[in-house]
Amino acid sequence: MSVRVRIAPSPTGYLHVGTARTALFNYLFARHNDGTFILRSDDTDQARSTDEFKQDILDHMRWLGLEWDEGIEVGGPHGSYRQSDRYDRYREVAMQLVESGDAYFSFVTSEQLDDFKKKAREAGTSPAYDGSLEPARSEVPRAMLDNGGPVIRFKVPRPGTTRFTDMVRGEVEFDHAQVDDFVIMRSDNTPTYHLASTVDDVDYGITHVIRGEDILSSTPKHILLAKAMGAEPAEYAHLSLLMGPDGKKLSKRHGDTAMSAYRDAGHLPEALVNYLGLLGWSPGEDETVVDLATMIARFDGTGISKNPAIFDATKLEWMNGVYIREMDAAEFAETSRPWVEADLGRSLTDDERSTLEALMPLIQERTKLLSEVPDQARFLFEAPTEYDDKAWSKVMATDEGPVALDGAVEALNGVDDWSTEAIDAALRGMLEEHELSARKGFQPIRVALTGTTVSPPLFESIEVLGRDETLSRIAVARARLA
RNA sequence: GCCCCCAUCGUCCAGCGGCCUAGGACUCCGCCCUUUCAAGGCGGCAACGGGGAUUCGAAUUCCCCUGGGGGCACCA
């Protein structure tokens, strides 16, 4: 049977990095097995679901390259892939389960339930509701009135046990004494997650459910439900959760949990995919930088780590730098340009584009995040309007500052062939003439041109800037020095 | 409180009874390269949570403890 997996986010928030990782694992498993990757929207929580969240999830899934074969927007043989469009189906299943005796209308009040759980806790027994509080049939109408309507609960067989083999945890066993007679239909006649999710998994022919460990203990419910529907339960794989730097569940307080934040910070999707893929999974060898194709080739469902993984933003950044350096120069220039233009607040002219491209390889190797490009490239398009205070006092307002600037003007005026090599030779000649160290002699020029002591290599920058602009900026700085 | 899962450097992984004086990567610290900053090269710090048991031999198997995580909703 061909593999069918799904990612089923709830549009109640932006695409979370943890969800993205789960999606990636599903995607890898599908591709590895020539299976089908499905994206479905679990939007039964109408109150908290929004179109904006849904769109954010879709956008970032695509941005990461996690294209789905069936599901939202791309369609497939199972309708809209939105749970909110399938309420009739869930009701149908719920009624069938009531008829077959696998589920029942429940009239317990929340007060009764609270009391039940409280007593269980005091007694040290299982707090799982076992249906024992249901009123006698003759009392139902009144209770129903008090209650605002019944819910439908699944009747968990007791005593009993559900065992299954989890692809990452191995044999797992749950005593039904620990499993609630859980609600499958709310009193407002809408389905709960357990019902909707399981019905969809069954109807869509999902073969492997790869999801977060947070639902491991709900798995018996889903298996019981599937069996009651007469279906063969899927295989399950429960991934350990992503943690923040303090070992607690990754949350906004640790930094960014929304995928969009990483995109906005200038991460490359390839780097994110690589990093997320190796967070809790090993491709087999001591490898760290692994491309998608390799991951797909190796991802057979084994080698998935059982322990929680801490999300290390620093390592992600390092990896992003690796991917940036691996890009070819033209591609990097193209990818970076929007960042530069956003910073400038305007589009680049054709000439400026050439200028940018000329210096790009040098910028590329000192960039970890795309968002760092504007700081490095700005001097190409705008003369410094101010100078970094420390830079000015440290290298400019010194004995050597004026000497270096004056020397540079003279040396540069003598350059006929405006090339990096000629500029290099001329400025080094200037160094000798004035007996300046490279540091003393070159840093003032750098500050004059860029406003700071940190910038791309000097000679190339001068070449790209052009003679007029270079001399003009030096003159401005020199005047300020006088 | 009850149930479940987990446990190797600070972090992510490798290790599946002898190849382990425990390997790789990030971080950090040196050194080299160097006009700044990076990148790169070389080197270094750093771990099998504790206790039993099995075995000729355990990071690797079993048990207990401890620690961490998750769940216990008419949320997903």
Side-chain angles (χ1 to χ4, degrees), chain A residues 8-10 12-13 42-45 47-49 106 110 113 117-118 120-129 148-153 166 168-170 172-175 177-180 182-188 190-194 196-197 212-220 238 240-241 243 245 247-249 275 278-289 303 305-312 314-319 321 325 362-368 372 376 391 395 424 427-428 431 437-443 445-447 450 452-459:
Chain A
S10 291
T12 54
D42 279 16
D43 58 350
T44 52
D45 186 351
R48 294 193 297 146
S49 296
S106 169
S110 51
L113 238 29
K117 294 191 188 268
K118 194 177 145 212
R121 179 174 287 231
E122 282 164 3
T125 57
S126 168
Y129 177 56
V151 298
I152 298 179
R153 287 179 188 277
D166 189 279
V168 349
R169 320 249 149 215
V172 183
E173 175 181 319
F174 288 90
D175 188 329
Q178 300 301 141
V179 184
D180 266 303
F182 56 101
V183 174
I184 59 176
M185 272 294 195
R186 303 185 188 110
S187 54
D188 67 357
T190 61
T192 62
Y193 158 74
H194 296 117
S197 177
E213 191 191 2
D214 52 338
I215 17 197
L216 179 61
S217 46
S218 291
T219 304
H238 288 91
S240 56
L241 268 20
M243 299 294 161
K248 303 283 183 210
K249 195 167 178 175
Y275 180 71
L278 267 63
L279 241 200
W281 174 65
S282 165
E285 284 151 56
D286 283 339
E287 291 178 285
T288 306
V289 179
S305 173
K306 297 179 198 171
N307 34 355
I310 290 176
F311 186 90
D312 182 357
T314 306
K315 187 163 184 177
L316 203 212
E317 277 191 25
W318 162 79
M319 189 171 278
R325 272 173 257 126
L362 264 19
I363 292 177
Q364 182 172 2
E365 62 183 83
R366 48 211 95 210
T367 301
K368 283 205 298 240
E372 297 165 350
Q376 301 179 75
V395 312
D424 185 329
L427 289 178
R428 284 190 196 282
L431 241 42
S437 66
R439 187 183 220 94
K440 294 282 188 188
F442 292 156
Q443 282 299 76
I445 305 174
R446 185 187 305 281
V447 172
T450 69
T452 81
T453 51
V454 177
S455 81
L458 192 57
F459 308 138

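Every chain is numbered from 1, with letters handed out A, B, ... down the list of sequences.
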Query raised in the report: In whole angstrom, what separates A:E317's CD from B:U27's C1'?
Result: 12 Å
Report task. Determine the contact category for A:T190: base if any of its heavy atoms lies under 4.0 Å from a base atom, sugar-phosphate if only primed atoms, P, OP1 or OP2 are that close, otherwise nothing. Result -> nothing
Query - Result of checking A:D166, A:L241, A:V168 against A:E213 for side chain to side chain contact (heavy atoms under 4.5 Å, CB included) - result: A:L241
**Report entry** Sugar-phosphate only, base, or nothing, as touched by A:A309 at under 4.0 Å among non-hydrogen atoms
**Finding:** sugar-phosphate
Query raised in the report: Rounded to the Å, how far apart are A:L431 CG and B:U34 P?
Result: 15 Å
**Report entry** Rounded distance [0.5 Å steps], CE in A:M185 versus OG1 in A:T190
**Finding:** 7.5 Å
Query - A:R446 CZ to B:U35 P, straight-line distance once rounded to whole Å - result: 10 Å
Report task. Pick base, sugar-phosphate or nothing for A:T453, based on heavy-atom distances below 4.0 Å to the nucleic acid. Result -> base
Query raised in the report: Looking just at side-chain N and O atoms, do A:T450 and A:R446 make a donor-acceptor pair shorter than 3.5 Å?
Result: no
Report task. Specify the separation, in whole Å, of atom NE2 of A:H238 and atom P of B:G70. Result -> 15 Å
Requested in this report: Sequence neighbours left out, what passes ring-ring contact (aromatic ring centres under 6.0 Å, His included) with A:F459? Give chain and number order.
Outcome: A:F442
Report task. For A:R366 and A:Q376, work out which heavy atoms get closest and say how close. Result -> CG-OE1, 3.0 Å
**Report entry** Phosphate OP1/OP2 of B:A73 contacted by A:K117 side-chain N/O (<4.0 Å)
**Finding:** yes
Requested in this report: Scan A:K368 against the nucleic acid and name what it touches under 4.0 Å (heavy atoms): base, sugar-phosphate only, or nothing.
Outcome: nothing
Report task. Tell me what A:G212 touches on the nucleic acid: a base, only sugar-phosphate, or nothing, going by heavy atoms under 4.0 Å. Result -> nothing
Query raised in the report: What are the two closest heavy atoms between A:T288 and A:M319, and how far apart are they?
Result: O-CE, 3.4 Å
**Report entry** Pairwise P distance for B:C37 and B:U61, with rounding to whole Å
**Finding:** 49 Å
Query raised in the report: So what does A:I445 hit on the nucleic acid, given a heavy-atom distance under 4.0 Å: a base, only sugar-phosphate, or nothing?
Result: nothing
Report summary line: In terms of heavy-atom contacts, A:V447 and A:A391 come closest through CG2-CB, 4.0 Å
Report summary line: Any strand, both distances under 3.5 Å, Watson-Crick or G-U wobble: B:A25 pairs with B:U11
**Report entry** C1' gap between B:A58 and B:G67, integer Å
**Finding:** 22 Å
Query raised in the report: Which of these nucleotides, B:A39, B:C2, B:C5, is closest to any side-chain atom of A:R325?
Result: B:A39
Query - Between B:G70 (C1') and A:I310 (CD1): distance, integer Å - result: 15 Å
Query - A:D166 CG to B:C6 P, straight-line distance once rounded to whole Å - result: 9 Å
Query raised in the report: What is the pairing partner of B:C2, taking Watson-Crick or G-U wobble pairs with both distances under 3.5 Å in any strand?
Result: B:G71
I'd like a table of atom pairs between the protein and nucleotides 60-69 of chain B - only N or O on both sides, under 3.5 Å - with the distance next to each one.
| residue | atom | partner | partner atom | Å |
| --- | --- | --- | --- | --- |
| B:G69 | OP1 | A:K248 | NZ | 2.7 |

Requested in this report: Check every strand shown and say whether A:S240 touches a base, only sugar-phosphate, or nothing at a heavy-atom separation below 4.0 Å.
Outcome: nothing
**Report entry** P atoms of B:C45 and B:C63, separation to the nearest Å
**Finding:** 37 Å
Query raised in the report: Within the modelled atom types, does a donor on one side and an acceptor on the other bring the side chain of A:R366 and the base of B:C37 under 3.5 Å apart?
Result: yes
Query raised in the report: Counting any heavy atom closer than 4.0 Å, what does A:F459 reach on the DNA or RNA strands: base, sugar-phosphate only, or nothing?
Result: base
Query raised in the report: Is a donor-acceptor pair below 3.5 Å formed from side chain A:S187 to base B:C74, judging by atom type as modelled?
Result: yes
Report summary line: Atom CD of A:E287 and atom C1' of B:C26 are separated, to the nearest Å, by 16 Å
**Report entry** Between B:G50 and B:A7 - P atom distance, rounded Å
**Finding:** 15 Å
Query raised in the report: When only distance counts, do a donor and an acceptor, one from the side chain of A:K315 and one from the base of B:C12, lie under 3.5 Å apart?
Result: yes
Query raised in the report: Side-chain donor or acceptor of A:D214 under 3.5 Å from a matching atom on the base of B:G71?
Result: no
Query raised in the report: Given the P atoms of B:C5 and B:C9, what is the spacing between them in whole Å?
Result: 22 Å
Report summary line: Taken to the nearest whole Å, CG/A:L279 to P/B:A25 is 18 Å
**Report entry** Minimum side-chain heavy-atom gap A:N307-A:S240 below 4.5 Å
**Finding:** no
Query raised in the report: When you compare B:C13 with B:G1, how far apart are their C1' atoms, in angstrom units rounded to a whole number?
Result: 36 Å
Query - Rounded distance in Å between the P positions of B:C62 and B:G18 - result: 16 Å
Requested in this report: Hunt down the Watson-Crick or G-U wobble partner of B:G40, both distances under 3.5 Å, from any strand shown, or write none.
Outcome: B:C32
Query raised in the report: Mind checking the P distance from B:U8 to B:A59? Whole angstroms is fine.
Result: 15 Å
Query raised in the report: So what does A:P457 hit on the nucleic acid, given a heavy-atom distance under 4.0 Å: a base, only sugar-phosphate, or nothing?
Result: base
Query raised in the report: Heavy atoms under 4.0 Å, any strand shown: does A:S455 hit a base, just sugar-phosphate, or nothing?
Result: base
